[in-house]
Participant: 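First, the structure itself, so that you have it in front of you.
Each chain gets a letter, A, B and so on, in the order the sequences are listed, and its residues count up from 1.
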Protein chains: 2
Amino acid sequence: MPEKNSVEMLLELLQLVLPNLEELLDERYRVLRAIYFLQPIGRRALSDYLLTGERTVRNLVEELKQQGLLQTTPLGLITTKKGSDTLWLLKEYIEKIKGIENLEKLIAQRYNLKRTIIVSGDADKDLTAKKEMSAAAARVLEQELKNGMILAVSGGTTMAMVADSMDTFSEPKVVTVVPARGGLGEDVEKQANTVAAKMAKSLGGSYRLLHIPDVLEEELLKPLLTSSYINEVIDKIKHADILLHGIGTAEEMAGRRSLQPIFLKKIQDSKAVGEAFGYYFDAEGRIVHTTPSAGLRLEDLRNIAISIAVGGGVSKAEAIKAFLKLAPIDILVTDEGVARKLAE
Amino acid sequence: MPEKNSVEMLLELLQLVLPNLEELLDERYRVLRAIYFLQPIGRRALSDYLLTGERTVRNLVEELKQQGLLQTTPLGLITTKKGSDTLWLLKEYIEKIKGIENLEKLIAQRYNLKRTIIVSGDADKDLTAKKEMSAAAARVLEQELKNGMILAVSGGTTMAMVADSMDTFSEPKVVTVVPARGGLGEDVEKQANTVAAKMAKSLGGSYRLLHIPDVLEEELLKPLLTSSYINEVIDKIKHADILLHGIGTAEEMAGRRSLQPIFLKKIQDSKAVGEAFGYYFDAEGRIVHTTPSAGLRLEDLRNIAISIAVGGGVSKAEAIKAFLKLAPIDILVTDEGVARKLAE
DNA sequence: ACCCGAGGGACCAATTATGTCCCACTAGTT
DNA sequence: AACTAGTGGGACATAATTGGTCCCTCGGGT
């Protein structure tokens, strides 16, 4: 591929001559991306999102406006057509500079994944990295979903974001979307049920709901499983063709599950770093605590053709790393912050 | 050419996102080029050449050193192998960014030239632009010269520089080099004779000298033309296959020719902007004054297969422009400063 | 009508860039 | 061997640019 080599040659030379090129481009990419995903947005809100000063954002915005990539409206900044076209082109080159493709291959190989997808940035520092990650997950779904399939999805912030970022697909997918887990915590929009319904709408398919809490003692759970409706939904869940789920740190999941203090202490003492499907695990991927859970269990994953995990932000790197040691998933969608940790 | 398009696409996008990219690259190119041509050179001398402050040069040099493109010796800075390789690659990309190729085509077309060669920069501001121009002229000679040909060369700073920059050609050219003009001014190294001898050595050919002054009244010149030696050399000059010459402003040429005050006044009154082969011409390319001259005359140019003019620096743009209107030359080697004026 | 968030204006402090000069060392010349 | 010129690196002060912070008027949404 002579073409590929000369673009890479040029980028290499430019980085040699302008050692801060990556930084300069990244900065502009981040601003453009944030405005693209959050538009219309004012300057002050933007600087909050980017954890960058108002004046700094303003300088960059002014420059991008002059280049015709952004424009101001009374409601806030928006990208022009030229701006969004530039954004996606820039994404390609930034990824080349950062060696994202190599990183993807390295991680897929090291953790025995079918595929890794990395987006620029660190979701801890820039929420729009999470938005880009969600859009990437939506694209994976679009590729993998076929008519007649069952998609099981979990809840959480990231999943809600994936659901939000699914534009109506050009071609409807006649699929069934089911929640991978029962109700958890108090936030309606983050529930697996809500996510499942929203995704089904975007996909053009149908959904089923699971009306039981995720945290339930075994003696309470057993009688509920005699309900034919609940049994039917759980059956679908366990026979899902595709699973899409987030990965949480032990800390945040314990909070969302409202665990009793004695369990919280147990989890802390055993150095749990993450949680998935009711299992708490330490940094080596060893299970250190199990909570009863109505939906999918870890062992169910081997019956699912395609498991897709989505998660980003450096603070989650340890949990994600441990999870990859524990569970046989297929596709990981993450961000650069996590990827560099995984590659260490 | 998909390859070409994607490099250009990338450069276009980078300029969109980093509007000062050209400036940043040009700066680094200028420093690298200067050190390449002048090495070994100290920082202070370098800043004099570049008309840039010492501290500014130092910052750039420090950066390029860190990237392995330059190194310091007790005698001064030199380029590394990596540095000179980078320089020539960078030249290519800078020329793309600046649209040098389009400029070359435009000027060749507008002034009915077979070919135009433009190097980056303005020789008035950066003497190493002139060095690069000289190297480019040397390369043209290497391409055009064939065994048995006669090459006529004029004197002057630029011509001396061309002679200096001719490395021994990989393949010797069995040619005869002759001075296009007689002696002019006081500077030995700038004489057409010196230039001719030096070039002949580098080329691996032979040379003939013309031992008469360029400025000579007709009644003194005629008897000299009866000398069979002088006649023989002049005959060779008028039958040269290739002519290589500089272009001077009227002002500097009048100075070099030590013209009498009444002639100086005449030249100023008639708004002469340039001089070539003893002819002073105004901005429209009209001859306004003629001095007797022993070497080549303007009308001899039509008998020469390939005429190559070399000149740069914005202060010469007007003279060069006028000359191109006056004389049917084939190849122009100039710099960006002049080229942008020619293109207006 | 009211409120909130928008962009543009403005001022000031902090940081970076640039100018200038000094010193010890080395290489070249006499 | 002695001397000189030019070198790179150090250092400090000044100038310019960057970034932070806050204010004001306007427009859109409720």
Participant: How many angstroms lie between atom CD1 of B/Ile320 and atom CG of B/Asp335, to the nearest 0.5 angstrom?
Facilitator: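 It is 7.5 Å, given to the nearest 0.5 Å.
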Participant: If the condition is side-chain hydrogen bond (donor to acceptor under 3.5 Å, both in side chains), which residues does A/Tyr29 pass it with, not counting sequence neighbours?
Facilitator: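 Checked A/Tyr29 against side-chain hydrogen bond (donor to acceptor under 3.5 Å, both in side chains); matches are A/Glu132.
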Participant: Is the shortest distance from a Lys or Arg side-chain nitrogen in B/Arg139 or B/Glu142 to a carboxylate oxygen in the other one below 4.0 Å?
Facilitator: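 Here B/Arg139 does not pair with B/Glu142 in a salt bridge, since their nearest N and O are not under 4.0 Å apart.
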Participant: Please give the angle, rounded to 10 degrees, between the axes at the start and the end of the helix from C/dA1-D/dT30 to C/dT30-D/dA1, where five pairs define each axis.
Facilitator: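 Result, rounded to 10 degrees: 30°.
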Participant: Under 4.0 Å between a side-chain nitrogen and a carboxylate oxygen: does that hold for B/Lys198 and B/Asp164?
Facilitator: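 Yes, this pair counts.
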Participant: Checking salt bridge (charged side-chain N to carboxylate O under 4.0 Å, His left out) for the pair A/Lys96/A/Glu101: CA distance, chi angles, key distance, verdict?
Facilitator: CA-CA 7 Å; A/Lys96 278 187 165 58; A/Glu101 201 175 314; 5.9 Å; no
Participant: Below 3.5 Å between N/O atoms, which protein atoms pair up with nucleotides 1-7 of chain D? Just atom names and distances, please.
Facilitator:
unit_1 : atom_1 : unit_2  : atom_2 : d
D/dT7  : OP1    : B/Gly42 : N      : 2.7

Participant: How about A/Gln39 and A/Thr79: does a side-chain donor come under 3.5 Å of a side-chain acceptor?
Facilitator: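 Yes, A/Thr79 and A/Gln39 have a side-chain donor paired with an acceptor closer than 3.5 Å.
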Participant: Could you tell me if the side chain of B/Val177 sits less than 4.5 Å from the side chain of B/Leu203, heavy atoms only?
Facilitator: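 Result yes, sub-4.5 Å side-chain heavy-atom pair found.
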Participant: Starting at CD of A/Glu54 and ending at P of D/dC24, how long is that distance when rounded to a whole Å?
Facilitator: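 Checked: the CD to P distance equals 15 Å.
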Participant: Select from A/Lys65 and B/Glu27 the residue whose nearest nucleotide in DNA chain C is closer to the 5' end of that strand.
Facilitator: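 With A/Lys65 and B/Glu27 compared, the 5'-side residue is A/Lys65.
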Participant: Could you state the atom-to-atom distance from CD of A/Glu63 to P of D/dG19 in whole Å?
Facilitator: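 The answer, rounded to whole Å, is 12 Å.
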Participant: What heavy-atom pair brings B/Gly312 and B/Met133 nearest, and what distance separates the two atoms?
Facilitator: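 Distance-wise, the nearest heavy atoms are N-CE, 3.5 Å.
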Participant: Would you give the length of the straight line joining atom CG of A/Leu14 to atom CG of A/Leu18, rounded to the nearest 0.5 angstrom?
Facilitator: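 Reported value, rounded in 0.5 Å steps: 6.5 Å.
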Participant: Heavy atoms of chain A, cut-off under 4.0 Å: which first and last nucleotide of DNA chain C, 5' to 3', fall inside that, if you could look?
Facilitator: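 The footprint of chain A covers C/dA6 to C/dA10.
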Participant: Between protein and nucleotides 11-17 of chain D, what N or O pairs are separated by less than 3.5 Å?
Facilitator:
unit_1 : atom_1 : unit_2  : atom_2 : d
D/dA11 : N6     : B/Arg55 : NH2    : 3.2

Participant: Sequence neighbours left out, what passes side-chain hydrogen bond (donor to acceptor under 3.5 Å, both in side chains) with A/Asp126? Give chain and number order.
Facilitator: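 Applying side-chain hydrogen bond (donor to acceptor under 3.5 Å, both in side chains) to A/Asp126 gives A/Arg30, A/Arg33, A/Thr128.
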Participant: If you compare all heavy atoms of B/Leu46 against all heavy atoms of B/Ala34, which two are closest, and at what distance to 0.1 Å?
Facilitator: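 Reported closest heavy-atom pair: CD1-CB, 3.6 Å.
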Participant: Minimum heavy-atom separation for A/Leu38 to A/Lys131, with atom names?
Facilitator: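 So the minimum-distance heavy-atom pair works out to CD2-CE, 3.4 Å.
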Participant: Check whether any side-chain heavy atom of A/Val61 lies under 4.5 Å from a side-chain heavy atom of A/Lys65, and answer yes or no.
Facilitator: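 Counting from C-beta outward, A/Val61 and A/Lys65 do come under 4.5 Å.
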